2 protein chains.
Amino acid sequence: MIEYTKCGSNDQCVEVIKNAIRNKELLIIFGKCTVDYQGRAASKLTEGERFVIIKQDGAIIIHRPTGYSPVNWQPNTSVIEVVERDNKIVITAIRNKPREIVWVYFSEIYGVIHGKLVDLGEFVMYMDENEIRDILYENPELIEKGLRFLEKEKSIGNGYADLFGVDKNNTPVIIEIKRISASREAVLQLFNYVKIYENMTGVKPRGILIAPNFTSSAIESIHKLGLEYKEINLQLLWKYKKAKEAKHGTLLEFFQKK
Amino acid sequence: MIEYTKCGSNDQCVEVIKNAIRNKELLIIFGKCTVDYQGRAASKLTEGERFVIIKQDGAIIIHRPTGYSPVNWQPNTSVIEVVERDNKIVITAIRNKPREIVWVYFSEIYGVIHGKLVDLGEFVMYMDENEIRDILYENPELIEKGLRFLEKEKSIGNGYADLFGVDKNNTPVIIEIKRISASREAVLQLFNYVKIYENMTGVKPRGILIAPNFTSSAIESIHKLGLEYKEINLQLLWKYKKAKEAKHGTLLEFFQKK
DNA sequence: TATTATATCTCGGGT
DNA sequence: ACCCGAGGTATAATA
């Protein structure tokens, strides 16, 4: 399953590492190294103790002893090469599109973990933007009385508006949803759709930004650009979803039961 | 430096893990587990073989055997708790701001790596947006003859324009830089600054988007919104920087030498 | 393949 | 503490 090799000689190390890569095993190398990167940008990392993860699909992640983010990485490798040179073990990881190369120079390897992991587990994420969008689509009254949705992910210009519908006066409504906090960036996104829609159809639609909260400059921009916003409560949305899943009886009955 | 423990009993495992966390060591646990997460969103992961990294500052990263991205994580933990319950080893990682919890339930632990890594290395990144901005600031002729820059990261409204200056006619120029490809999003960003500047000063500035290349819809939007764009060559910028670093003689001399 | 928008984005810098 | 914007962002979805 998982084997640990405490590296004695470099030769032995290289052998273990090469075998693990050839067999597409998970491989983690602990040691002292420097790292170079060149591709979309370029970086240098001077010597220190780190660990390099090479996954079963060739993804490479280099971690320092602290912090969430890897210091260097290579998501899609086309070639992983391991050689000994100048008394260092050099790992070269090449990616083709875009063309990028990561070099790890180990002056010392403390140990190597390798083995095949089997993971057929299912990952499910709740309350991401898609789910919020779907709940709102099913329950337009959460936004405004008389609102009817006509389309999810409506293609407008080259982009996609989260929701599209008409209000009680049959005025088109374009809706942009943010799951956490809506900043000015979200306002600009919405404004873009509104403008393009107006240009293409000659009809000026309403643009409503929906989020659990808004930055002050977002609200400022909303006013300046003639848009609207509405705060939503994620927990309420969640209740609506659960009520719908329960499927027995109406929403009213559901909440009375609780 | 690094020690590997092949776990026999659960009790022994828990002891090793607790010690490593208490001593703020790097800790990697290999085994079969399920993972739950609740916080900004929520997720469930059914059983499979994974490894959990707990770093020396408490950052937690849970990786499946393939792919660059972790399946679950916790960047800033305030509490990490390890207990045995129902014959499972449960790791609970709590973050306070925002309030989020990750639970890992190990039904089996294959082995544990732990130890203190020392990493004082320096990481330097080249040709990120800051560097490009600085080179352009020093060399406005790369964009246009007669252009003079007055400010970097100029605060406009609630945001920041990359560069601000005046052209040969003393017309204000706002510049937005993208390091790789400029999409419509970048155009909107620039448009936002231009609009706000115009609103605040009554003077209509030029807005120039600068990037090594542009998506077709970006260029379309640029024309529609009355903005401008200019393609730059990163390698040329790099040469300018190197020339400046060389410091002996003029740019002309530098290029003649090559 | 290129483009678009999301992300439990993370992270750093500024106010 | 909030807000803003970059990132070698990666990743998924869509034309």
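Proteins get letters first, then strands, A, B, ... in listed order; numbering begins at 1 in each. Being a predicted model, the structure only gives us computed values, none of them experimental.
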Undergrad: Within the stacking criterion (centroid distance below 5.5 Å, interplanar angle below 30°), does Y37(A) stack on dG8(D)?
TA: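 Stacking between Y37(A) and dG8(D): present.
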
Undergrad: Where the side chain of K97(B) is defined as all heavy atoms beyond and including C-beta, which of dT4(C), dT6(C), dA1(D) is the nearest nucleotide?
TA: dA1(D)

Undergrad: At under 4.0 Å between heavy atoms, what does Q189(B) touch on the DNA or RNA strands: base, sugar-phosphate, or nothing?
TA: sugar-phosphate

Undergrad: Can you find an N or O donor on one side and an acceptor on the other, under 3.5 Å apart, linking the side chain of Q74(A) with the base of dG8(D)?
TA: yes

Undergrad: Checking all strands, does G159(B) fall into the base, sugar-phosphate, or nothing category for heavy-atom contacts under 4.0 angstrom?
TA: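 Sugar-phosphate contact only - G159(B) comes under 4.0 Å of backbone atoms but never of a base.
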
Undergrad: Regarding Y193(A) and E176(A), is there a side-chain donor-to-acceptor distance under 3.5 Å anywhere?
TA: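 No pair is found: no donor N or O on one side chain lies under 3.5 Å from an acceptor on the other.
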
Undergrad: Need one value for E129(B): base, sugar-phosphate or nothing, where a base atom within 4.0 Å counts as base even if backbone is also close, heavy atoms only.
TA: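 The residue E129(B) makes sugar-phosphate contact but no base contact.
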
Undergrad: Please state whether the phosphate of dT6(C), meaning OP1 or OP2, lies under 4.0 angstrom from any side-chain nitrogen or oxygen of K178(A).
TA: yes

Undergrad: Check whether any side-chain nitrogen or oxygen of T215(B) sits under 4.0 Å from OP1 or OP2 of dA2(C), and answer yes or no.
TA: no

Undergrad: S43(A) and D36(A): side-chain donor and acceptor closer than 3.5 Å?
TA: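 No, no side-chain donor-acceptor pair sits under 3.5 Å.
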
Undergrad: Counting any heavy atom closer than 4.0 Å, what does M127(A) reach on the DNA or RNA strands: base, sugar-phosphate only, or nothing?
TA: nothing

Undergrad: Salt bridge (charged side-chain N to carboxylate O under 4.0 Å, His left out) between D162(A) and K152(A): does it pass, once the steps are laid out?
TA: CA-CA 6 Å; D162(A) 287 326; K152(A) 276 192 254 192; over 6 Å; no

Undergrad: Does the gap between the ring centers of Y229(B) and F214(B) come in under 6.0 Å?
TA: yes

Undergrad: Think Y193(A) has a side-chain N or O under 4.0 angstrom from the OP1 or OP2 of dT4(C)?
TA: no

Undergrad: Among I143(A), L147(A), V166(A), which residue meets the side-chain contact (heavy atoms from CB on, under 4.5 Å) test with V173(A)?
TA: L147(A)

Undergrad: Phosphate oxygens OP1/OP2 of dA10(D): is one of them under 4.0 Å from a side-chain N or O of R40(A)?
TA: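 Yes, such a contact exists.
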
Undergrad: Is there a donor in the side chain of E131(B) and an acceptor in the side chain of Y126(B), or the other way round, less than 3.5 Å apart?
TA: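 The criterion, which ignores hydrogens and geometry beyond distance, is not satisfied for Y126(B) and E131(B).
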
Undergrad: Please check the phosphate of dG8(D) (OP1 and OP2 only) for any side-chain N or O of R99(A) closer than 4.0 Å.
TA: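 No.
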
Undergrad: Do the charged groups of R133(A) and E153(A) touch, with an N to O distance under 4.0 Å?
TA: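 A salt bridge is present here (some side-chain N lies under 4.0 Å from a carboxylate O).
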
Undergrad: Measuring to OP1 and OP2 of dT8(C), would you say a side-chain N or O of W73(B) lies under 4.0 angstrom away?
TA: no

Undergrad: Check the phosphate of dA10(D) against R95(A), side-chain N and O only, distance under 4.0 Å to OP1 or OP2. Yes or no?
TA: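 So the side chain of R95(A) is within the cut-off, an N or O lying under 4.0 Å from OP1 or OP2 of dA10(D).
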
Undergrad: Please give me every residue in residues 59-72 of chain B whose heavy atoms get under 4.0 Å of an atom in DNA chain D, ordered by residue number.
TA: Y68(B), S69(B)

